[in-house]
Amino acid sequence: MKSLRQLLRQPVKSLAGILLLALAGSLLCANVGQYATAVYTRRQLEEDYTTAALTTDKFKWEIIDGGIRYYHTQPEKVQDFLSGIETNRSDLIRRMDRLGLISGYCPAVTPLNYVQAPYCGYTYSGNTSYAEITNEPYTTAVLAVTLEEIGPVEYPQSAGPSQHTVSLVGRVDQTVYLQEGFQDPAGRTLRVTLVGESGEELAALNLQVGGRYLVYGNNYHDTDWHLRRNLCASDVAASMDEFDWDKITFLEDIEDEDLLEAIHHINSLNVQETVAVYGEATYAARSYCMSQSELDMVNASALDVYLSPVQHYNYRYLDPDFTFHDASEMIAYMESEEYQEAARAAIQEFNERYGEPSIAHLDGTVEEFLAGQEGELWKEAMEQADISNHALPVLTTTRLESVVQFVQGDAVVAQGRGFTEDEYSSGARVCVLSESLATANGLSVGDRIPLTLYCFDSTYEQPLNTANPPAARYSAAQGFAAPEEEYEIVGLYRQTNEWEMAAYDFLPNTVFVPAQAVTADTWASDSGIFQTIVLQNGTQEEMEALLKEAELEGLFAYYDQGYSKIAPQLDAYFKNVQISLAAGVGAWVVIFLLFLFLFPLAQRKTARRMWALGARPGQITGHVLASGMGLAVPGTVLGGLLGYAFLQNALKQAAAETQLALSVEPWIVPMLIGVQMGCCLAATALCGVLLARQGAGKGVA
Amino acid sequence: MFVPYLWTLIRRKMPGILIIPLTGLAAGCLLCVIHGAELKNSRELVAVYDRIDVPCTVTSLTGTQTDGLALPSWVTELFFADENPDASEAERAFSACFRNPWAKSTLRTTLDGVTNVSLVGITGLEADKSLRAENGCEITWLEPYGEEILKTGQFACLVPQAMWESLSEGADGGRQLTLCVLGGGPGFPEGESQDASFTVVGTYLGGSGSVYCPWAVVRELSESISGYILSDGAGAFIRNNRELDSFWDSAAGKYFVPPDPSGTQVPWEESGPYTYYPFALFINDSTLRQTIAVLERNQYILHILSLVVLLLALAVGFMTSFLLLHRREKELALQCVLGVPKRAMFFSAMAEQLALILAGLILSLAGYAVLAKEIPPWAYLGIYMVTDGLGAAAAMGAFLRRDLTAALKGE
């Protein structure tokens, strides 16, 4: 206490000491704070830049004896490498970002329909069946038709063992139910493929030419649109709107000899026989040779109608307890009465569970039919289809920016923002959807949409697309997976080519939500858009070396958003910050030495006097330590607080200037104060010991 | 006379007096380093600005389609105006805003007069997404060719592996491919055809099944047959990213509109043939803006904190001078008693103080000049010297007002 009281006897000097240490402390805090902000900035940049390693098909191709073979799965060697890399090389792999697929029923939103898209020069590869765009599950249609042709019962080899089909051609009288995106087919030709279990079942329908029927079917195709799209792809027209079917000239009306000769030559090559041409019917002009099947697509639509769900979903009963050993045993088992009986029961149960209407003769109006007892099933089926027609594919993500299209710059968040860390971790009910979908439905950032999630009904449907995944068909038997919840739209994305069929594409109907927001089961795959291998930025070369070692060079294609181009600049930038930190620490050390020189070490005379008066070395050391720390404690704390205030002010101003907030961990200041105090304590104690020794050696000066 | 005397004084006070130049050295180093870091980081920021690619792509009005656009000749001419001696000033001004332009055009051709083959002209592999490795395409270039050939005007082509194998059965070993290029197009039924012979320079597996050749070749063929060229897509990178904000007014706004999700048509009054702008231009500058914003924020913090550090350094300088001189009160009082004039004492103390500080600052400047090779922050150092001098003056002022006896007693 006496030592501390002595400090009060020299208030100006003591205050100066406190101030000196406060300034030193502030200097250190300001410098360390600046360094900390630079570290956070670097970390943020590292997070902002995503280096994605995308698997290529290099090892799926095989050229044997001049023939080319393509395997749809990666070879075992590649699969082993990919499965082990995440755990074995965490120094190269930052994370594996995985997406989950689920469907979301949103009555407020009408999904975009592929046929609404203008013709686009999408890239179509023969190997991208996993990315094909379909209008599923928006293809259920209920149409009133007058039959014009009834084909014979056929037993297509490609169909299931108990499928018989009849082709019907009719004129659409009335569109009762169809997804809003399709053009109204009223007045058009409808080509129906009617599927039944047997010829007898089909014959029992007693269909009549000229009769009016209500048909409920799936896989509705606007074949006119498909034909126009194909013709566009053949450069006959630049846009889907330029077609005039009056420009079709039948073979018998063609006068140009050169064109006729060319057509005969084409026909001799055993390709689909040309029966007409579209465009100017001269050889020199751009004309498109049309086959009969293409002619049938003009002003027409197509629909598949199944008499029972078993045919529709190609359901096969398999006894779960039966163990397969060899084919003959299997055949014997399937022919047994026991199996047949179980299969009949299972099929009956399946039909009851997934029952849907097919075709019905209309005696009166459609409204009268639906109002009757028979119409109940139709209305129920339409209600169920309405859920599918307002369903969106929902992709759950742990990092939107790692979705490949975003990494490649083929998709950008054009309005609003992506998800924040808090939203990811808390599972906030927020979503990002496409600008096109939002515009079509009058939605904008800040609006809320209700989503009721449901899963694929694995009894009859399995997702196949690993790119462009559509929503699932709603199954009333399975129901919803979660209650309705409102999701806030926080951002809208834009794709540079929104209807494309490449390995990492997704549909513009896709809604992204944070993974934690969905508790229901989601479907995932280890390929396509469902998985992104995110590398540590700047580690492509090391990864290539690793691939070379494993003899898998070329397995990955890299996208780093230009990180490698700016990496030297970023390194230099942060090196400069490190140097200024070193200078700041150096300056602090000098001021600290100055403090030691001016205060603890200035007590040399006092120490000698104490020694002369019989004080023990410990007492001398204690005195020097107490008087030194008496200045150091308030000085350091004051310095820390001053430095923190400077830093906070700088951060606030920077946030106001750049619209980007940044906060520094609050523990940095107490830590710095602690470090400074520790240094003061050690250095002052050392000074005390030195002075005590000197006092012992020299006595009073 | 004065300098040797000063030196003698300084030598007698060694090593304690070293603390003064040491403080100057530390302050000088700190100010120089922080100033240097600010300067260097500004330059790095500029370099980052220049190095980030900002792609600029012609799109549909909604911004959701960049391929299959059937772009008329004037659009691609805008991007390649610097290669065209007949280009107008406005076109050249537009083209000057870009680097590495790309384009993709497709021509209808027949092989052996029967098989329809799409001949796709590209300026590089990036022009066609189906050629990307991750989309299942595996390209093999035949020696000595590579991707660079697509930037030339040579009649060279990249063919599907299957086509290559069927060509290999021919007399020339499959290195030559002759296609009959069909002219015409929408609104131009009078198109003619022309045979074109290509050297096969590479093959690919997967992909679209088209034959790829340099875009310049397709342009030449199309213009010779039809008199115009339609392109599927076109784009480039912004040449000077710092002029992004003025880019619309100076160049892009004359020909394009920004993408609008509603696809609303915008009247194009200056245009003769067009009533509305037919295409939009999408500038994907999100990566640039994000990176620059983050770095600028840090640069801003660095700037503010460098000012704070300057203020703190000044305060420390002031205090150091004050305290060190204050510590020598007894010595100064003794000088006073011995009859040294107060003015001489004042100037002597000030000169000693400033000389020592200057020595420290010169050392720091020398080190900075050798290590950093940057212009030192003269103003900062000058202010530091002045503040230091003020500290010494304040200490001397306080001393001169003091009672000499008390000072001698050390009270």
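Naming: A, B, ... by sequence-line order, numbering from 1 per chain.
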Legend entry - Contacting moiety of P259(B), where chain A heavy atoms sit under 4.5 Å: both
Inset, instruction - Specify which of T57(B), V316(B), I34(B) makes the most heavy-atom pairs with chain A at under 4.5 Å. - result: V316(B)
Legend entry - Region of N284(B) that comes under 4.5 Å of a non-hydrogen atom in chain A: side chain
Inset, instruction - Would you sort out whether N298(B) and T37(A) count as a side-chain contact (heavy atoms from CB on, under 4.5 Å), showing the intermediate values? - result: CA-CA 7 Å; N298(B) 199 68; T37(A) 58; 3.6 Å; yes
Inset, instruction - Kindly give the heavy-atom pair with the smallest separation between L22(B) and V590(A), and that separation in Å. - result: O-CG1, 3.8 Å
Legend entry - Gap between atom SG of C137(B) and atom NZ of K58(A) - 0.5 Å precision: 13.0 Å
Inset, instruction - State, to 0.1 Å, how close W61(A) and E138(B) come at their nearest heavy-atom pair, and which atoms those are. - result: CD1-CB, 4.2 Å
Legend entry - Q415(A) and P261(B), any side-chain heavy atoms less than 4.5 Å apart: yes
Legend entry - Among the listed options A440(A), A22(A), G562(A), A30(A), the residue most often paired with chain B at heavy-atom distances under 4.5 Å: A30(A)
Inset, instruction - Sort I591(A) into side chain, backbone, both or neither according to what part of it lies under 4.5 angstrom from a heavy atom of chain B. - result: side chain
Inset, instruction - Select one option (side chain, backbone, both, neither) describing which atoms of V309(B) are under 4.5 Å from chain A's heavy atoms. - result: both
Legend entry - Partner chain B: residue of Q408(A), K60(A), R42(A) with the largest heavy-atom pair count (under 4.5 Å): Q408(A)
Legend entry - Closest approach of A37(B) to S580(A) (non-hydrogen atoms, all atoms of both residues): CB-OG, 3.9 Å
Inset, instruction - Sort A47(B) into side chain, backbone, both or neither according to what part of it lies under 4.5 angstrom from a heavy atom of chain A. - result: both
Inset, instruction - Would you check if E134(B) and Y559(A) make a side-chain contact, meaning some heavy-atom pair closer than 4.5 Å? - result: yes
Legend entry - CD-OG distance between E500(A) and S130(B), expressed to the nearest 0.5 angstrom: 9.0 Å
Legend entry - For A557(A) against A133(B), the heavy-atom pair lying closest together: CB-CB, 4.3 Å
Legend entry - Reported CG-to-CG distance for the pair L23(A) and L312(B), which is rounded to 0.5 angstrom: 6.0 Å
Inset, instruction - Name the region of L295(B), side chain, backbone, both or neither, that has any atom closer than 4.5 Å to a heavy atom of chain A. - result: both
Inset, instruction - Classify the side-chain pair Y49(A)/T287(B) by whether it contains a donor and acceptor separated by less than 3.5 Å. - result: no
Legend entry - Lys/Arg N to Asp/Glu carboxylate O, R132(B) vs D410(A), below 4.0 Å: yes
Legend entry - Rounded distance (nearest 0.5 Å) linking atom CG of L323(B) with atom CG of L20(A): 6.5 Å
Legend entry - Toward chain A, the part of T59(B) with a non-hydrogen atom under 4.5 Å: neither
Legend entry - Residue D53(B) versus chain A: region with a heavy atom under 4.5 Å: side chain
Legend entry - Heavy-atom side-chain proximity of R494(A) to F282(B) below 4.5 angstrom: yes
Legend entry - Worked check of salt bridge (Lys or Arg N to Asp or Glu O under 4.0 Å) between D50(B) and K565(A): CA-CA 10 Å; D50(B) 292 338; K565(A) 280 189 175 177; over 6 Å; no
Inset, instruction - Determine whether N31(A) and L30(B) make a side-chain contact, defined as any pair of heavy atoms from C-beta on separated by less than 4.5 Å. - result: yes
Inset, instruction - May I ask you to test the Y573(A)-V48(B) pair for a side-chain heavy-atom distance under 4.5 Å? - result: no
Inset, instruction - Go through the steps to decide whether F597(A) and L324(B) satisfy the test side-chain contact (heavy atoms from CB on, under 4.5 Å), and finish with yes or no. - result: CA-CA 10 Å; F597(A) 176 75; L324(B) 286 172; 4.1 Å; yes
Legend entry - Check: Q44(A) and Q290(B) side chains under 4.5 Å, non-hydrogen atoms: no
Legend entry - Interatomic distance, L205(B) atom CG to D57(A) atom CG [nearest 0.5 angstrom]: 10.0 Å
Inset, instruction - Compare all side-chain heavy atoms of T64(B) with those of Q495(A) and state whether any distance is below 4.5 angstrom. - result: no
Legend entry - From F406(A) atom CZ to S286(B) atom OG, the distance as rounded to the nearest 0.5 Å: 10.0 Å
Legend entry - Residue T55(A) versus chain B: region with a heavy atom under 4.5 Å: backbone
Inset, instruction - Please report the shortest heavy-atom distance between L19(A) and M319(B), naming the atom on each side. - result: CB-SD, 3.5 Å
Legend entry - For chain A, the option from I52(B), T291(B), L131(B) that forms the most heavy-atom pairs under 4.5 Å: T291(B)
Inset, instruction - Measure the shortest side-chain to side-chain distance between N497(A) and K129(B) over non-hydrogen atoms and say whether it is less than 4.5 angstrom. - result: no
Inset, instruction - Select one option (side chain, backbone, both, neither) describing which atoms of T439(A) are under 4.5 Å from chain B's heavy atoms. - result: side chain
Inset, instruction - For residues 29-45 of chain B, pull every pair meeting salt bridge (charged side-chain N to carboxylate O under 4.0 Å, His left out), keeping only residues two or more places apart or in separate chains. - result: R43(B)-E374(B)
